[in-house]
Amino acid sequence: MELVEEGPFRYRIDPHEGMRVPGIVFASRELLADAEQSLEQVVHVAALPGIVAASYAMPDIHWGYGFPIGGVAATDADDGGVVSPGGVGFDISCGVRLLAADCDGEALRPALAEIMDGLDRAIPRGAGPGGVWRPDGAGELERLLAEGSRFAVERGYGEERDLLRCEDGGAVADADATQVGQRARERGLVQVGSLGSANHFLEVQQVSDVYDDTTAAAFGLAPGQVCVMIHCGSRGLGHQICTDHVRLMDRAMARYGITVPDRQLACTPVDSPEGRAYLGAMAAAANYGRANRQLLSDAAREVFRRATGARLSLVYDVSHNLAKIETHEVDGVRRQLCVHRKGATRAFPPGHPELPEDIREFGQPVLIPGTLGTASYALAGVAGGGAFYSTCHGAGRTMSRHQAARSITGSQLRARLRQAGIAARPKSWRGLTEETPEAYKDVDAVVAVSEGAGLCRRIARLVPLGVVKG
DNA sequence: ATGTGC
């Protein structure tokens, strides 16, 4: 792949092979070495009808279904632009929530084992059914899909202030539950308030570094402070919605005269019945994902309250797998675009009207989950953020799950975490080996490059004290 | 990511 170095940590792939726009890859030379194969997917995405500006790749890019994970693509509906479920991914609305405790690590230490045991009992996780709340039939699921975190808070799982610190106030307005199929509903009904498996986790963390005292304080973060980070998505419901709508679009594509370089890029115009149906179902899954994180926050709060009386207040909740209709200025013209972010986090700049009033001047909080036993980050959006105000979402895999599981045994991993002073409560030690840190890129490098490329800035770094995983 | 692989 021919890459033109355009600026610091910014590379361009010039249009060829049916590309309508260039590819723009944000990376260092080291990170590019891991990205080589997935750049082909950046090229494929650049061929989508109606794509605007560029097919972007974040520094944590890796191979995904159709689109790369770490990809950003915006399309213009008025210019034949399409929407593609592959541009969001199977885990619709997968995202991260960070809660700040009113105590520091030193104070928490004596109660840590008790808290971890409490979380071990309170947090449903792993594949299959099980959640903290079983909606009372189809009516409640319907409201959950329409109202997201708002409904969870209304039902007593949280406080009104939580909603102010959620992307979209905790619910997107354009959810259309009629486009969520029966199987998706059945799977979703029994998984409300559950973590899932793979790289999803709930961690008790401590702030290890602060890079901007003022912004950190405004976000509610200080050196040494205890936090809880939750990384999860929309479970089987989102997965089923993606499966269903990929199939529908795959069949419909030809009728719109659309051809794509990879069948996994199945798409239809944003303004088509199929496009609107997907966006409506996707928004319902987005609300499910937010409610899921809200319910797990409530479960964690209860454990902390009982163990030490500590309170957890929400810093922010943001997704990294979503398509959204947003207004952006392109070459001096304001346009309504369908922005696909897949393994990429929205990072609105300071002053953006959609940000909570009390932190608006600092830019949107961006939450980056680390991999097992490594650091996580709180970042902030910056003015001029290159890729439709998006940045990285995490470390990004370099090893397959199979490869990772062969590289270390459960007991070796267990010993390492214990040595690092991290209290782990996995559902199974065997399953955890797929998540060994060597299977991922270095999150510190990914975040440093994202900042260097002008996509975001670092606010605080967090390290794990305890981890709950599927 | 996922009642993991058509």
Side-chain angles (χ1 to χ4, degrees), chain A residues 38 41 58 60-71 84-97 124-131 134 180-192 194-202 230-247 250-251 263-264 266 278 281-282 284-286 288-290 292-293 296 318-323 340-345 368-372 392-406 426-428 430-435 439-440 469-470:
Chain A
S38 33
Q41 296 192 311
M58 302 297 113
D60 48 336
I61 182 176
H62 58 114
W63 190 265
Y65 179 88
F67 285 57
I69 296 163
S84 173
V88 172
F90 279 86
D91 195 3
I92 298 168
S93 191
C94 181
V96 184
R97 166 179 289 229
R125 57 202 191 275
R134 173 80 196 248
V180 178
Q182 193 52 37
R183 277 178 87 187
R185 285 160 185 275
E186 282 164 13
R187 291 175 72 175
L189 195 63
V190 293
Q191 298 180 325
V192 183
S194 65
L195 216 45
S197 52
N199 63 353
H200 289 164
F201 64 75
L202 184 150
I230 299 170
H231 177 206
C232 64
S234 55
R235 304 292 328 273
L237 178 119
H239 192 275
Q240 192 65 51
I241 287 171
C242 182
T243 304
D244 294 346
H245 286 262
V246 162
R247 183 173 300 150
D250 186 58
R251 288 177 188 156
R263 206 171 159 186
Q264 294 185 352
Y278 170 68
M282 183 214 69
Y288 184 98
R290 280 98 182 265
N292 196 18
R293 291 191 286 275
L296 291 171
V318 63
S319 170
H320 45 236
N321 284 0
L322 220 52
H340 302 72
R341 294 188 183 88
K342 178 186 192 178
T345 316
I368 305 299
T371 55
L372 187 60
C392 62
H393 89 301
R397 262 192 182 277
T398 54
M399 242 185 241
S400 72
R401 299 195 169 281
H402 190 69
Q403 222 182 338
R406 274 186 319 189
K427 201 168 179 189
S428 94
R430 166 67 186 79
L432 214 61
T433 56
E434 293 184 356
E435 293 299 310
Y440 287 86
K469 270 180 92 74

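Chain identifiers are assigned alphabetically (A, B, ...) following the order of the sequence lines, protein sequences preceding nucleic acid strands; residue numbering begins at 1 within each chain.
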[N] [atom2] sits how many Å from [X] [atom1], rounded?
X       : N      : atom1 : atom2 : result
E435(A) : dT4(B) : CD    : C1'   : 13 Å
I92(A)  : dT2(B) : CD1   : C1'   : 12 Å
R401(A) : dG5(B) : CZ    : P     : 12 Å
H402(A) : dT4(B) : NE2   : P     : 17 Å
R430(A) : dT4(B) : CZ    : C1'   : 12 Å
R263(A) : dC6(B) : CZ    : P     : 14 Å
N292(A) : dT2(B) : CG    : P     : 10 Å
Q264(A) : dC6(B) : CD    : P     : 13 Å

*asked:* Considering every strand and a 4.0 Å limit on heavy-atom distances, what is the contact class for R183(A): base, sugar-phosphate, or nothing?
replied: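 Base contact.
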
*asked:* Counting the atoms with a prime plus P, OP1 and OP2 as sugar-phosphate, which does Q191(A) contact under 4.0 Å by heavy atoms, base, sugar-phosphate, or nothing?
replied: sugar-phosphate

*Does R235(A) have a side-chain nitrogen or oxygen under 4.0 Å from the phosphate oxygens OP1 or OP2 of dT2(B)?*
yes

*Quick one: is dT2(B) close enough that its OP1 or OP2 comes under 4.0 Å of any side-chain N or O from S197(A)?*
yes

*Using a strict 4.0 Å threshold on nitrogen-to-oxygen distance, state whether K469(A) and E434(A) make a salt bridge.*
no

*Let me know, please, whether E434(A) or C94(A) comes out on the 5' side of the other along DNA chain B by nearest nucleotide.*
C94(A)

Identify each donor-acceptor pair in which a side-chain atom of residues 90-97 of chain A lies under 3.5 Å from a protein atom, sequence neighbours left out, and give them as a table.
from   : atom 1 : to      : atom 2 : distance (Å)
D91(A) : OD1    : S234(A) : N      : 3.0
D91(A) : OD2    : H200(A) : NE2    : 3.1
S93(A) : OG     : A286(A) : O      : 3.3
R97(A) : NE     : D317(A) : OD2    : 2.7
R97(A) : NH1    : Q294(A) : OE1    : 3.0
R97(A) : NH1    : S297(A) : OG     : 3.1
R97(A) : NH2    : Q294(A) : OE1    : 3.1
R97(A) : NH2    : D317(A) : OD2    : 3.1

_Listed partners of D244(A) passing side-chain contact (heavy atoms from CB on, under 4.5 Å), at least two apart_ =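 Scan of D244(A) (side-chain contact (heavy atoms from CB on, under 4.5 Å), adjacent residues dropped) gives Q240(A).
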
*Is D250(A) close to R263(A) at the side-chain level, that is, under 4.5 Å between some pair of heavy atoms?*
yes

